[in-house]
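Presented below is the structure to which this report refers.
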Amino acid sequence: MIARRARPLSRIIADMEIAVSCRGLRKTYDGKVEAVRGLDLAIQAGECFGLLGPNGAGKTTTIEILEGLLPPTSGEIEILGLTWQAHEHELREWLGISLQETRLSEKLTVRETLELFASFYHRPNSVPAILEELSLVEKADALVGKLSGGQKQRLAVATALVGNPKILFLDEPTTGLDPQSRRQLWDIIRQFQQRNGTVLLTTHYMDEAERLCDRLAIIDHGQIISAGTPAELIARLSGHHVVEFALSGAIDDDCDGVWSRLPGVQSVRNEDGHFSLQVEEPHETIPALLSAVQQKGARLVHLTTRQASLEDVFVQLTGRHLREE
């Protein structure tokens, strides 16, 4: 890859509307396996951007390249207008990174851990302030090894925030947390954004992506297959409502064909006898569905209707649920 001439730092800082961008990003392993295949991405300053994809889709490789942990095979990358080749030191000061599994010394206290991480930066945040923000004041003098899973995860995010970053990279920050701990971290992410911080987030929880992300991209086989706001992605579905049902009794191999011919049905998904219909007008589809079930001599054991969600978008685009991995 041809190195680009470094621009003056003053010129770069003045032009920072796009916080993270990459063009034509590729990563090939052993000259054979293409983990990332010509990916283009632009994340605006101040937004929370979600990167979703099944395991093996290339999202972890993409994030590690953007974080400067992995060199790309080809492509151009700019973080806050800077390049890793010319401004690595400045970028290390401006990024906060929380990995899915952050391994911290279990023999240090929470306070000592944050003081250690703060010492790596020229202008860190106040350790007492970070303890307060992450609800870790009561555990400040506890050993890391004695913390609960939720407390360790909050500490991992605290180590990313204590450097006073401009961008947060959060790799599945709420995996394994209880609902209360998840919502605490959601509040922390929103507070960071309110201070004009930018967030790049990966998650396996669709409700989390829908609530937190201003925009997101779904990546599969090393390429972005769809991008936009959660509302925009849902609006692109062929059918804005979902009718879900299950049957008992006579169910034959032609069931999917029967449901697809019902009025207003755009697509049918059958998961072990549990059917999901993407429909435009539920009030037209449901009476016809009830009539078809009766004609087949079957019995409904479950029937619900709801608005389409980000989970439905993901399944339609990739053919699987994010949590199936």
Side-chain angles (χ1 to χ4, degrees), residues 16 18-22 25 27 35-36 39-53 55 57-72 75-84 87-104 114 117-118 120-121 124-125 130 133-134 152-177 182 185-205 208-209 212-219 224 227:
M16 284 169 40
I18 299 299
V20 179
S21 71
C22 61
L25 190 64
K27 183 62 179 180
V36 181
L39 190 142
D40 296 327
L41 188 65
I43 301 173
Q44 298 173 6
E47 75 175 338
C48 180
F49 191 93
L51 196 60
L52 308 181
N55 289 347
K59 64 182 186 299
T60 298
T61 300
T62 299
I63 289 172
E64 289 182 349
I65 292 172
L66 296 177
E67 291 171 341
L69 303 178
L70 192 67
E76 297 181 353
I77 303 156
E78 288 190 355
I79 310 293
L80 295 170
L82 310 185
T83 66
W84 282 109
H87 303 100
E88 181 175 358
H89 178 72
E90 290 90 342
L91 289 178
R92 294 295 176 206
E93 286 283 326
W94 291 351
L95 301 189
I97 299 172
S98 177
L99 305 176
Q100 185 179 350
E101 294 184 12
T102 302
R103 296 187 181 275
L104 302 170
L114 290 179
F117 275 77
F120 300 153
Y121 300 90
N125 275 317
I130 294 298
E133 184 175 354
L134 276 294
K152 286 182 178 178
Q153 195 74 340
R154 291 207 304 277
L155 178 58
V157 175
T159 62
L161 286 171
V162 77
N164 196 21
K166 298 178 185 294
I167 301 179
L168 269 182
F169 287 89
L170 301 176
D171 189 5
E172 299 182 29
T174 64
T175 297
L177 298 187
R182 286 181 68 205
L185 277 180
W186 292 359
D187 290 339
I188 291 162
I189 292 169
R190 293 188 184 104
Q191 289 166 14
F192 178 75
Q193 272 191 277
Q194 289 169 2
R195 300 193 296 268
N196 299 317
T198 304
V199 181
L200 177 57
L201 171 79
T202 71
T203 179
H204 272 192
Y205 299 108
E208 185 164 272
L212 288 180
C213 296
D214 300 299
R215 292 189 304 130
L216 51 87
I218 297 175
I219 184 172
I224 291 176

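We count residues from 1, following the sequence as given.
- In this structure, Leu66 and Ile77 have side chains that are in contact, with non-hydrogen atoms separated by less than 4.5 Å.
- With sequence neighbours left out, Asp187 forms a salt bridge (Lys or Arg N to Asp or Glu O under 4.0 Å) with Arg190.
- Put simply, the side chain of Trp84 does not reach to within 4.5 Å of the side chain of Pro71, judged on heavy atoms.
- Looking at Thr202 and Leu170, their side chains never come closer than 4.5 Å, going by heavy atoms from C-beta outward.
- Rounding to the nearest 0.5 Å places CG of Asp171 at 10.5 Å from CD1 of Ile97.
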query: Where do Thr159 and Leu114 land on the side chain to side chain contact (heavy atoms under 4.5 Å, CB included) test, with the steps shown first?
result: CA-CA 6 Å; Thr159 62; Leu114 290 179; 4.0 Å; yes

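- When all heavy atoms are compared, the tightest approach of Leu134 to Arg154 is O-NE, 2.8 Å.
- A distance of 11.5 Å separates OG1 in Thr62 from NZ in Lys27, rounded to the nearest 0.5 Å.
- Atom CG of residue Asn125 and atom CG of residue Asn164 lie 4.0 Å apart, to the nearest 0.5 angstrom.
- Qualifying salt bridge (Lys or Arg N to Asp or Glu O under 4.0 Å) partners for Glu67, counting only residues two or more places apart in sequence or in other chains: none.
- Of all heavy-atom pairs between Pro173 and Leu177, the closest is O-CD1, 3.9 Å.
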Chi angles and distances behind the side-chain hydrogen bond (donor to acceptor under 3.5 Å, both in side chains) call for Asp214, Gln193 | CA-CA 11 Å; Asp214 300 299; Gln193 272 191 277; 3.0 Å; yes

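- Nearest heavy atom pair, residue Ala160 against residue Pro165, reads O-CG, 3.4 Å.
- The SG atom of Cys22 sits 4.5 Å away from atom CG of Leu41, with the distance rounded to the nearest 0.5 Å.
- Counting heavy atoms from C-beta on, the side chains of Ile167 and Trp94 never come closer than 4.5 Å.
- Taking the side chain as every heavy atom from C-beta outward, Leu161 and Leu168 approach each other to under 4.5 Å.
- Taken from CG in Leu212 to OG1 in Thr203, the straight-line distance is 8.0 Å, to the nearest 0.5 Å.
- Qualifying ring pair (Phe, Tyr, Trp, His ring centres under 6.0 Å) partners for Phe120, counting only residues two or more places apart in sequence or in other chains: Phe117.
- Within the 4.5 Å cutoff, side-chain heavy atoms of Asn55 are placed close to those of His204.
- By the salt bridge (Lys or Arg N to Asp or Glu O under 4.0 Å) test, Lys152 pairs with Glu106, sequence neighbours left out.
- Applying the salt bridge (charged side-chain N to carboxylate O under 4.0 Å, His left out) test to residues at least two apart or on different chains, the pairs with a partner in residues 193-203 are Glu133-Arg195.
- The two atoms that bring Tyr121 and Leu95 nearest to each other are OH-O, 4.1 Å, heavy atoms only.
- Residues satisfying the salt bridge (Lys or Arg N to Asp or Glu O under 4.0 Å) test with Glu172, not counting sequence neighbours, are none.
- Expressed to the nearest 0.5 Å, how far CD of Glu47 lies from SG of Cys213 amounts to 9.0 Å.
- The two atoms that bring Leu200 and Phe169 nearest to each other are CD2-CE2, 3.3 Å, heavy atoms only.
- Using a 4.5 Å heavy-atom cutoff, the side chains of Ile43 and Val199 are not in contact.
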